[in-house]
Each structure stands twice: as C-alpha cells, then as structure tokens.
Trainee: 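First, the structure itself, so that you have it in front of you.
For ligands, and for the atoms within them, numbers begin at 1 and follow the listed sequence.
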Amino acid sequence: MTPEEEAESLRSRLEQWNAEYYRYDAPTVTDSEYDRSLNRLRDLETQYPQLLHPDSPTQRVGAAPLEGFASVTHALPMLSLDNAFNEADLAAFDARVRERLGIQEVSYCCEPKLDGIAVSILWESGELRQAATRGDGTTGEDITMNIRTIDCIPLSLSGHAVPELLEVRGEVYMPRDGFEKFNARARAEGTKPFVNPRNAAAGSLRQLDSRITRRRPLAFCAYSLGRVESGEMLPETHSETIKMLSGWGIPVSGLFQVVTGVGACENYYSDMAKRRDDLAFDIDGIVYKVDNLAQQERLGAVSRAPRWAVARKFPAQEESTRLLDVEFQVGRTGAVTPVARLEPVFVGGATVSNATLHNADEIERLDVRVGDMIIVRRAGDVIPQVAGVVQDQRPPESEEIVFPQHCPACGSVLLRQEGEAVWRCNDGLLCPAQRRGALAHFVARRAMDIDGMGEKIIDQLIVHDLVGDIADIYALTFDQLVSLERLGEKSALNLLQAIEASKKTTLAKLLYAIGIREVGEVTARQLAAYFGSLEALAGASPAQLLEVEDVGPVVANNISRFFQEPANLAIIEKLVNAGLQWPAIGEGSGDGMPLSSQTWVVTGKLDSMTREDAQERLRRLGAKVSNSVSGKTTCLVAGPGAGSKLKRAQSLEIEIIDEQQLLARLASLES
Ligand code: D41
C-alpha cells in the first residue's frame, strides 16, 4: 500500500467510526483502536504534508448537528483537548509550556477527565436560559429542555455577586450506579441497554422528548468558563474560578488539585489511576491545565486546542478480543447466565478472560457468535461484559450460540417467566449449582461471615453430600471436615470455630444470608428494623411488607412466598435449633444509644476503613444511616471525592465532618 492509499483508507474508516460514535451512539471499535488509527493518520500527514486534507478526521472533532434540534453558535468556540499518551508526552508538554512562558516551574490544576458529553450552559440574571452540545466546537445543538431535567444543575444560581451573564462549560455524564440500574432494567424488560455510560449520556441528551431524558440518571460537572458579563472581578486562576462556580451552586469536581511541576502531575495521575475504580463515575484520564489565567492567555491556542491544557488518558476500559466459547452458569436463584470465554486481553487494569453475556436476549441483541471479535468492557468493580461485536471482522467459521433448554447442572427443564429475560432452573436446592450458590452466599463476609469456607470447600461438601441446605453447615463435625481434601486438622478446627462464632448474628444479616430473592443487605436491614422479629416478618401480609421503605410489589411478593414455602420454614427452624441467635430489636431499642434518633450519611473515599465499615459502626451506635442527604440528615461524613451530597449538605447547612473527625467521635462513643 502506498502512503496515499493508506491515508485514504484510514480516513474513510475513521469517518465511518466517527459517524457511528457521535451520531448513533453505537461504536463498533474501541476508543484505543480509534486513537491508534487517528495517530497513524496524523503521523502519515506529518511525514507527507501533501496528504493533508482540510476535511481529514485529524482536522476536526465531533460531527455536524442532527436534524430536529435548533443549532446554537458558540460565541466563544468550545476548544478540544490535545492528548498525552505517556509520561514522555506529558514532560514534552510541560517543557513547551515552560519555554513559552520563560519560567522554571508551572502550577497546574489537575482534574479527572470525566467520560461524558461536553455541553455549554448559559445563565442570564442567574436564570438558566440556554444549553447546547459542543457539536463541532463552533456550532452545537440546542438541548436546553433536556439540560433542565438534570437534577444537579441549578435552574437559578445562588450566592454572592452572580454575573448578569454566565456561560459555563462542563461534562454531562451518567454515574455508574445509575447506568447499571438503567441497563439492568433494560435487560429485564428486553429493551436495548447502553454500551457504556458515555453512550448512555449521549443518547439521553439526544432525546427530542425531554420527558425521556428526565428519567435518565444524569449528572453534570463544570470544567471551565465561557462568556461572562458584568459581575465582580474574576479570579486570577482556573482553580479559583472553579471554586467560584461552586459557590453559585454549580456542580464541580471535588477531586481537582493544584500542583507545581510535572513530577507532581505524575503523582496525581498514579493516585487517581488507583482510585479510579472506587469513583462513582467513569473517568478516562486526567486533564492538566496551567492554573494561572494570565499565563493561559499568553500561551493561546493552536488549531482549536489550547496550548495550556492537555489530557493524559488512562489505559482503556474497552478492548477488542476473540470470543472463544460460551458457558452457561447457574446462580443461586437458578438464573442461567451465559459467560463468554475470551482470548485473554488487558483491559481496565486487569487481564480479562471471562465476561458476562447477561441473558439470551442480550446474545440476540448483540448478534454475537463464537469466533467473533468482540468488545469487552471492564470498568470499576463491575463484572467485565461483552459490550459489542466487531461485525465486519466475523470469521467464516463463526458458530451460533445455542442457549440450553435444560439446566447444565441438574438437567431439569429451564423455564422463563412471562415478561422476564432470564431462563431459570426451578429445582431449587435439588440442583447442585443452586445449592452451591446458596451456600456461598450464606457464608459470605457480609452475610454469616464464616471465614475459611471458600468455594473449593463448598464444592467438596456438595460432592460428598455433607450439606443439603444451608442449615446443615451447623451439623458438620470435625471428622467430616478433616476428611476433605486439602483441609488439615488446624484448618478444620478454625473452620469449626468460625461456624460456631457465626451463630451470634443479627436479624438483618440472617435475613440477607438466607437468600430471599432480591432482598439485598439494605432491604434486609430495613425489614429487620421495621418488623423487629423473624416471627413478625414471617407473618406479615404483602400489604404490610409494602409499608417498608424500598420494598415494592415484586420484593413483597418474593418475601411472602418465601415464608409460605414449608421447605424454607424447615430450614429456618433447623437454624434456630442449631443455636443461631440475634439480639431482639424491641420497640425503641435504639433509645439510650449514643446516636439514636440521628441520621448519618457517609460519602467520598475513606482511607482507614471502607464506607460500609463506617456505616456499620455508626449503626451500632444507634444511628440511622442513609444514602441521601435531606433535611432530616444530622451529619455528613465527607471523604475526598464527595460530590453532590456534599453540596446538598452545604446548602442545607448540615454538619459536615471528615474522616479524622469521624474517627475521633467513634473512638469517644464506642467505649
Ligand atoms: O472532564 C472533562 N471531560 C474535561 C473536558 C475537563 N475536565 N476539562 C476540559 N477542559 C477543556 C478545555 C481546556 C478546552 C477548556 C475538557 C474539555 N476542554 C473538553 N471536553 C470535550 C472537549 C473538550
């Protein structure tokens, strides 16, 4: 291939991918593959300047507006960001900045690069007037109605000296939990899930009907100023500007940090790379900005990107690899999940060789076959999943994936309930796979916390028929345990001790551990607090169950059916006879505890313990722990990374403490 031919082929491929990415929210390649091709084209164009076309994909970003939205011309263009792909690129950026400014060391504002959609929002006299997508940087689409539906964006600004006209640029994104919930619902209802949170945000903003956008869990984070008219003197640095915006009620990242020198920039990068998985939203890198605005001015911009900013990307969270095979796993509720076996690939900081395909509908929706090149996505602590198929790389020998009609573990016929996407084995504890899942769930740390009973031991207990149900764990003897492979006398004794210790538990933990379908930890706690005793819960009518916070008709029905099933009642009786006990939760039992009648919220990252541990310790002191800040909140514990909850607590003037203060209080109260 001549350089001309290669450039031409790269150009048309990139155009195609670009259109798919920006206009239809349906990427067929990974970002890293896109970047590789774009870089190759850029290299060719640098080497052979005669190959450079004005309409080359290297010369623009985004695509022209779609029909249906009015277009908006940005008074100040919305610039794009240059990329630094490694430490050397970043060092070169810093060297250029220092040379142009003629100074030894530069202060940079480091901020996470949110993986969302860039928008511009305009407030006039403090009222939200207009919002537009970035589009091609010069012209975007009027999405005012859609932006107005996003809860965290203030419709009117508050605070001191709000300018007559204020235009703010920022990123609209979908936090991970909202994305997971949205997709889980889409999968259960058999509608189309989104490939990743970025596409979800793009697709949501592109709705012509803003009532649809309203139902999407979107958020916003400001990253720079656009036009400003009148008002008081503006700050001299980018970081002060961001703080000023925050003071008017506009959401900003709590994670930015001003540092001096490129070494400190690297430290920030590795720090955030480590914390990336714990954040509530996807970030795809770090943006470094010269903090001093006068220095920014002197540096200026070249071809639509400022010379004073650069984005350093993290390793990709999506990669393409080969689908080698599909296996079907049976979970503790009997749900059959197709699991993709993959050619191992490094993605999102780990080597991945398995990914979920969710269910039969998803296989059909993706139109995936064994042998295909697929796109695997791994973000945060979410299970890796097959997010797409590279259809034009399908090999001729690819094979259709046939969903089984019988349970791969016990052979019983699989059934699918009306309106559900999931096929299930309905043999309950008669199915070894379900028995295994039930046991693993029961002994887990957050359930009965039986240390030392790992999957290998559980498998052996099932194979040797030593446990039929979860209650049989309490009848295990020393002789039975030492007879298992790879379990010495010492380990067997330790395991027996752990089993014994687990008998002292709480009602909430027991309710979670027995595995009522869709009763997670939070619901279990609410049920325990509401009913106070197992007897009261077991005798509750569906109507009474619906009174409990978060319990809807489906969960109420699951609970009430669970306690009508004689086999379940027999297991509970066996557990009680084995000596399981939990403190009674009498009426007003919280009284007299140091934090009773208080409501606490914990947000952001903690260093010395997990958020869950902090919540547990607060609960033990009698506090009610909630996930959202409201007028009823007594105190907010905010670690680094706290976002909207912190803002809300500030605006409601609720007490806010950090981890050190929390530790001090716990220490004084826990005696
Ligand atoms: O978080 C982001 N995605 C982000 C994007 C950010 N933190 N800062 C940004 N800063 C800029 C400049 C320097 C041009 C004001 C950006 C973007 N631009 C940007 N986002 C999409 C295109 C450009």
Trainee: Backbone N or O of Cys109 within a donor-acceptor pair of the Tyr288 side chain at under 3.5 Å?
Mentor: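 No; judged by distance alone, with no hydrogens or angles, the pair does not exist.
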Trainee: For Asp658, does its backbone N or O pair with a side-chain atom of Gln661 as donor and acceptor, under 3.5 Å?
Mentor: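 Checking the backbone N and O of Asp658 against the side chain of Gln661, a donor-acceptor pair under 3.5 Å is found.
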Trainee: Can you confirm, on distance only, whether ligand 1 has an N/O atom lying under 3.5 Å from any N/O atom belonging to Leu114?
Mentor: yes
Trainee: Distance under 4.0 Å to a non-hydrogen atom of Glu171: what atoms of ligand 1 satisfy this?
Mentor: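 It comes down to these atoms of ligand 1: 2 (C), 3 (N), 5 (C), 20 (N).
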Trainee: Any carboxylate oxygen within less than 4.0 angstrom of a Lys/Arg side-chain nitrogen, looking at Glu6 and Arg40?
Mentor: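 Yes.
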Trainee: Under 3.5 Å, side chain of Trp123 to main-chain N/O of Pro154, donor-acceptor pair present?
Mentor: yes
Trainee: Would you mind running through ligand 1 and noting each atom that sits below 4.0 Å from a heavy atom of Glu111?
Mentor: 6 (C), 7 (N), 8 (N)
Trainee: Within a distance under 4.0 Å of any heavy atom of Ala309, pick out the atoms of ligand 1 and give their elements.
Mentor: 13 (C)
Trainee: In terms of atom number and element, which parts of ligand 1 are under 4.0 angstrom from non-hydrogen atoms of Leu79?
Mentor: 14 (C), 22 (C), 23 (C)
Trainee: Between Lys289 and ligand 1, is there a nitrogen or oxygen pair with a distance under 3.5 Å?
Mentor: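 It does: an N or O of Lys289 is found under 3.5 Å from an N or O of ligand 1.
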Trainee: Any donor-acceptor pair under 3.5 Å linking the side chain of Thr241 with the backbone of Thr237?
Mentor: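 The answer is yes, because a donor-acceptor pair under 3.5 Å joins these two groups.
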Trainee: Is the contact between Arg134 and ligand 1 made by the side chain, the backbone, both, or neither, using heavy atoms and a 4.0 Å cut-off?
Mentor: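 Side chain only.
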Trainee: Determine whether the side chains of Thr356 and Gln385 contain a donor N or O and an acceptor N or O closer than 3.5 Å.
Mentor: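 No - no donor-acceptor pair under 3.5 Å links their side chains.
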Trainee: Cation over ring, Arg312 on Phe85, under 6.0 Å and within 45°?
Mentor: no
Trainee: Could you tell me, atom by atom, which parts of ligand 1 come under 4.0 Å of a heavy atom of Trp308?
Mentor: 13 (C)
Trainee: Looking at Pro112, which atoms of ligand 1 are within less than 4.0 Å of one of its heavy atoms?
Mentor: 1 (O), 7 (N)
Trainee: Enumerate the atoms of ligand 1 whose separation from the nearest heavy atom of Ser224 is less than 4.0 angstrom.
Mentor: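 Near Ser224, meaning under 4.0 Å from one of its heavy atoms, ligand 1 has 15 (C).
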Trainee: What protein heavy atom sits nearest atom 21 (C) of ligand 1, and how far off is it?
Mentor: Ala118 CB, 3.6 Å
Trainee: For atom 19 (C) of ligand 1, what is the nearest protein heavy atom, given as residue, atom name and distance?
Mentor: Tyr223 OH, 3.4 Å
Trainee: Could you go step by step and tell me if Gln295 and His238 meet the side-chain hydrogen bond (donor to acceptor under 3.5 Å, both in side chains) rule?
Mentor: CA-CA 11 Å; Gln295 292 177 350; His238 170 73; over 6 Å; no
